[in-house]
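Proteins get letters first, then strands, A, B, ... in listed order; numbering begins at 1 in each.
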Amino acid sequence: MMSLKEFENRNVSEGAYYKVDIPDYPETGWEKAKQVFSRAIKGELFVGLYIVMREMIKFDIHTVQYPKEKLPIGPRYRAVHEMQRLWESGTERCIGCGLCEKICISDCIRMDTKIDEQSRKQVTEYTINLGRCIFCGYCAEVCPELAIVHGGRYENTSEQRAHYIGYEDMLTPFDMAVKGQVAEYPGFGAITPHEDERVKSTPLAY
Amino acid sequence: MVNFKINGRSVTAERGDTIINVARREDIYIPTMCYIEKTSPCASCRLCSVEVEGHDGFVLSCNTPPTEGIHVITDSESLKTERTNIMRMYDVNHPLECGVCDKSGECDLQNKTLEFNVGQQYFSAKDQPRKIENWGLINYDPSLCILCEKCTHVCNEVIGDDALDLLFGGYNSKVIPKNAETLDCTFCGECIAVCPVGALVSSDFQYSANAWELSKIPATCAHCSAGCALEYEVKHAGIDSPGEESIYRVSNNFEYATLCGAGRFGFDFANRASKDEAAFDAALSALQNAEAIRFSSVISNEETMILNGLKAKLGLKLFNEDARHMQTFMNAYANVSGKRHYSATLETLKASDGIIIIGSRIATDNPGVRYATTTAARHNGAKVVYMHPLEDALLQNTVTQFIKYEVGTEEGVLALLAQTLLVGKELTQREQAFFDGLDEGYLNAETNVGDDELALLVKQFMRSKSKTLVVGSDLLAHARAENIAHLVAMIEKYSDFTVLVVPTEVNTLGVSLIADLDIDVASKNVVGYNAKGSFVISALGDGNLNVPALNQQEGTVVSIDKRLLPTNVALSFDGYTLNDLANALGVYAKNTIDYTAALPVESGFQAVEFDSLENFYSAKGADIRGYTLNEVTAKRGGHPEDVDELPEFNGAVIYHVNPVLQFNAFTAKTVQLEKDNNLYGSASFAAAARLGDGDAVAFEYAGETVRRIFKLDDTLKGTVALHPTFDLGLNVTSGYRFEHVNFYERE
């Protein structure tokens, strides 16, 4: 791993460059004629053709067959939001604190809340206008409950704006959550790994 | 005057000041959790402890008056330790639900926790289950409560409901309804306002919005003449109603001002409408052909100016009986006192130590007056004499003497009262002759006010230094109002009483000072502006043309304090306004508020533009709202006439008076306020009217049949029943509120 000292060294050119061996440009007529002949007779054209034929026969194809195939994306990639549920109980993690709504710099999050039968705050409706969203990740970062996170779904095409996102689509399926099939979310919005060490314990006398 | 030092600075304390008063006045910061300016110190948080040089230990700055020459230190290491420890204690087991708590950051506990850098829990205590209470409009969560006692103090000392109590029990302590299972009060919601944490919250508002999402619109309450300052808190109406806004709650500057429940919970009376061309044209032709415009006093000064303009332009008459009664009364009053305005305000009432209230069911007519009276009684030990045909249970903790008089005999009562209060004063010959000519025996017998009661009244006020006479609407609308006004003015002129006249509606006083009114005759062709008529222009949404309600327009009203108060647009209105109508009819002004600077100077108004009017309380509590009307001198020459024969109201009498928190059709429109429209009477009324509990009755009121359910109320006495009129829409009269009634239908 890179140490901080190495990281802070901004002089990247030192010892990192080397010269490419390129022959001089032909200057006289004779030299130019020599270059033409050597290139034509050497058959460089067929070299490329050969490589293609060889790989075709080997069936070692690297083309990703999008949209049937998709490349894995980094955990901290910021694509369309997901709303998480708690493990086991499957309760929605969102408590309706409204911080995402407040911090959103493109003003695209809006939520309606009310008091429910158990005197708890309930989110009755939650929308993100993805047409406005700039995927800055502030909402996921500010969320105190790891409820709203950025998922990996990066395709945003639809015939209608209304298709862009609905709360139900964002929410992790309930059955997956209760079966414990949802891994603790590692992506954007997750707490950093050493968070446990920072927690101060509460004294308990009983 | 006491001279002493705070942190080395020389300061001066007035009489009655505590250390914290002086410190705040001098901009010296002392942290508090339970201190509230308008009540006596709760002294529960101990955060305001200060040191006094040369004395051991700490002194509570909130309840300690300074003595000459002391040196107070407000900040030291040991004080900081003390305060930090207090905050650590406060934070023990306080639920970490700040994310959803209704305070959403406007929290004293959060502020002080951060101020004293309490980043973790230092002590522990075993928590216990604490049940969240639902008290109707108010929810209480004991686990969030920090037991600062602000709520119990305002409830007792300012409001007078005395409905909240503290159940002491160490860590189990909590706020409970006093002597009752559930909260039984007038639901002013002041406890919600003062709660420094999210323990007491409005059940309607709870969890519906965060404080930072709401924009505050400073306004003036549109329900009664107290003209309380409030802020409408507005946000988008929700995801499903794009583009629309709605009011989520009302807040007030609870530190210095008070608000009743109608103001706090009755905010959703806005009128939603769009531009209706056909209705607008119909309104124009109706106005052009009308004989008169009848309007209510729930109207701004500027709109009244427009109506005046229409009168001059179209040759109409203007009907507003309620304001005309006020006009008549105040003209007669000015004839004797020589002053156009009465002398007292709510502030002077608060500072009084002797109060007579006459002719009003004041607790429901004008809660502002009730709260000022309660404050006077609790803080100055004021003697409060309540004179009325009906006792009021809401005033039982405040009133020191109740004098019952017979319905309709107000003139006689005032004559007796004036005679009692003006003993030994130098009167003019004519006035002396009036008193000499009084037939006391007749008056005593007919009014049912005895000499002994009046003697007790005088005895009560022996030590009172500043006294106020509060005059209610039963006197304004009385058939003998002019003579009553003469007598009231005489009391003001010769005795040391100041007089407070309670205007009936939000802007009755303003209208009476501006409008050129005519006597209401039953014309056929009348355009009603928030009033009955053949063509009705209404802000209630039930008329022929919609206009904005008072929380949808800019304008000013005149409060009971003779103060011009601005109000603002909380919710937009897309339809037509009165000014649009007037512009089309040739009474031109670009905006309604252009009339603010043109309000009549001869009535005490100032030529001030609307946009230069302020509407707030300063950080130190100075009331910087609008302006106080100038005192206007009037020509004297009035004198009391002989008391007329006193009318008799025998048999079943009903009193048109609204229940707590209800005032008019606008409050009736709101969702949260209770709408109890039953006819309430005592057992003796039931006997006189031959009614039983739960009977359905019908009777004539304002020319139409009203159907009510009769309910027995054992807190009432006598043969007068209470009849609410708030739900009758525009079909209300502004006459004398006691009425004989014939029930012509019994089931």
Engineer: Please find the pair of heavy atoms, one from B:Gly99 and one from A:Cys97, that lie closest to each other, and give the distance.
Structural biologist: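 Smallest heavy-atom distance, with atoms named: O-CB, 2.9 Å.
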Engineer: What part of B:Gln206 lies closer than 4.5 angstrom to a heavy atom of chain A: side chain, backbone, both or neither?
Structural biologist: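 Both parts, backbone and side chain.
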Engineer: Any side-chain heavy atom of A:Leu99 sitting closer than 4.5 Å to one from B:Asn210?
Structural biologist: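 Not touching, per the 4.5 Å side-chain cut-off.
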Engineer: With a 4.5 angstrom heavy-atom cut-off, could you sort out which part of B:Tyr122 is near chain A: side chain, backbone, both or neither?
Structural biologist: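 B:Tyr122 touches chain A through backbone heavy atoms alone.
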Engineer: Can you measure from CG (B:Asp240) to OG1 (A:Thr124) and round to the nearest 0.5 angstrom?
Structural biologist: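 Interatomic distance, B:Asp240 CG to A:Thr124 OG1, rounded to 0.5 Å: 8.0 Å.
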Engineer: Side chains of B:Trp212 and A:Lys102, heavy atoms from C-beta outward: is any pair under 4.5 Å?
Structural biologist: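 Heavy-atom side-chain distance check passes, below 4.5 Å.
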Engineer: Looking at every non-hydrogen atom in both residues, tell me the closest pair between A:Met111 and B:Ile239 and how far apart they are.
Structural biologist: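 Closest heavy-atom pair between A:Met111 and B:Ile239: CA-CD1, 4.0 Å.
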Engineer: Need one label for B:Asp102: side chain, backbone, both or neither, based on atoms under 4.5 Å from any heavy atom in chain A.
Structural biologist: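 Interface part for B:Asp102: neither.
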Engineer: I want to check something: taking the side chain as every heavy atom from C-beta on, are A:Arg110 and B:His236 in contact at a cut-off of under 4.5 Å?
Structural biologist: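 Yes; the side chains approach each other to less than 4.5 Å.
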Engineer: Atom CG of B:Asp204 and atom CD1 of A:Ile115: how far apart are they, to the nearest 0.5 Å?
Structural biologist: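 One finds 10.5 Å between CG of B:Asp204 and CD1 of A:Ile115.
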Engineer: Under 4.5 Å from any heavy atom of chain A, what part of B:Glu97 do you find: side chain, backbone, both or neither?
Structural biologist: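 Interface part for B:Glu97: neither.
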Engineer: Is a donor on one side and an acceptor on the other found under 3.5 Å between the side chain of A:Asp112 and the backbone of B:Gly238?
Structural biologist: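 The answer is no, because no donor-acceptor pair under 3.5 Å joins these two groups.
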Engineer: Give the member of A:Lys121, A:Glu101, A:Lys114 that has the highest number of heavy-atom pairs under 4.5 Å with chain B.
Structural biologist: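 Top count of heavy-atom pairs under 4.5 Å with chain B: A:Lys121.
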